[in-house]
There are 2 protein chains.
Amino acid sequence: MDVELVIAQASLALRERGERLTGPRRAVLAVLAASPGHLSAEQVFDGVSAVAPGVHRASVYRSLEALTAAGLVSHVHVGHQGARYHLADAGRNHLHASCQRCGVVIDLAPDALDAVAADLTANHGFRLDPSHVALSGICRECLKAM
Amino acid sequence: MDVELVIAQASLALRERGERLTGPRRAVLAVLAASPGHLSAEQVFDGVSAVAPGVHRASVYRSLEALTAAGLVSHVHVGHQGARYHLADAGRNHLHASCQRCGVVIDLAPDALDAVAADLTANHGFRLDPSHVALSGICRECLKAM
DNA sequence: CTGCTTGCAAAGTGTTTGCAGGCCC
DNA sequence: GGGCCTGCAAACACTTTGCAAGCAG
């Protein structure tokens, strides 16, 4: 993911909301853009600290919150672990599954839960937000090791 | 759910594991058996306190853990909220979806994710544990209120 | 300059653990 | 009466918040 592009988009999106693109927020975006995966808040904090020492942990949380509200970042809840963060997809967000043994998060196709979503709407009037929580199970590697 | 029956089963299941059916554990089972829904640990603690005052919050957590290990209780992780507990189904556990706005948990058919589970196995070698996390979305009532 | 943001520290949830005494079986 | 379990208190992980100073635009 191109950091420059992400930051340019962020500047616009934030300004539209009367907010600002600051050092800590820039660093958070850079860390997320540089990472292939899904980072915990602590991992984002570590990454930010490497790039911009002195940024406080609380600012990382507040930055993630602001960037989420602006539609630039998404988070996924993973079982009993904390949330994981990643840049929001341009269009539709992909889905996630996580291993309850080793914690790894794998990406799934955006349409993997479409049938379930339709079923929930029809039978329960419930609107599914499929990308907001990770499905839980055991990954390939852990299955081998058991 | 019949409390007497549950407690009798629990006594056996625990003894098989070299563990004991104690006052606090009995109270936890009674509270879960008396509740139709899915309780947070705090709600279980409140219920236990009403039946058996003096039981410590930590004992409720430890009881829930022990009863889970013995296969008598199940828990579901609900988004950023804490876990919810309920008596384990006799056979296959039902699934859950929770409202990210009001927190209500609704039960789903045990086979609601079968197609997804098959897909995950085939494409990622991932074994889904469908009852362990609640799907997330907005419930009917909250949709009306938006 | 205006006021959104930050750093700091402290408080808040939800949950776990070490320890000495207590109770189940 | 042996050893699993409990109550207590403190620690824990993760996250949020009040406040005064700081920086973006």
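Below, read A as the first sequence line, B as the second, and so on, with proteins coming before strands; counting in each chain starts at 1.
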In plain terms, say whether K144(B) and E141(B) are close enough for a salt bridge, that is, a side-chain N and a carboxylate O under 4.0 Å apart.
-> yes
If the plane angle is over 60° it's perpendicular, under 30° parallel, otherwise tilted; pick one for H77(B) and H132(B).
-> perpendicular
Assign the ring pair Y85(B) / H75(B) to parallel, tilted or perpendicular, where the plane angle (0 to 90°) is split at 30° and 60°.
-> tilted
Treating [X] as the side-chain partner and [Y] as the backbone partner, does any N or O pair qualify as donor plus acceptor under 3.5 Å?
X: R57(B); Y: F45(B); result: no
X: N93(A); Y: D89(A); result: yes
X: S11(B); Y: I7(B); result: no
X: S63(B); Y: S59(B); result: yes
X: R101(B); Y: C139(B); result: no

Which of residues 8-24 of chain B sit near DNA chain C, with a heavy atom under 4.0 Å from it?
-> R20(B), L21(B)
Positional range of nucleotides in DNA chain D within the contact set of chain A, heavy-atom, under 4.0 Å = dC14(D) to dG25(D)
Between the protein and nucleotides 15-19 of chain C, are there any N/O to N/O pairs under 3.5 Å, and if so, what are the atom names and distances?
unit_1: dT15(C); atom_1: OP1; unit_2: A83(B); atom_2: N; d: 3.2
unit_1: dT15(C); atom_1: OP2; unit_2: Y61(B); atom_2: OH; d: 2.8
unit_1: dG18(C); atom_1: O6; unit_2: R62(B); atom_2: NH1; d: 3.2

Given the side-chain rings of H86(B) and H94(B), with only the six-membered ring counted for Trp, is the space between their centroids under 6.0 Å?
-> yes
Is there a chain of hydrophobic side chains (I, L, V, M, F, W, Y, each step under 4.5 Å between heavy atoms) that links I106(B) to V133(B)?
-> no
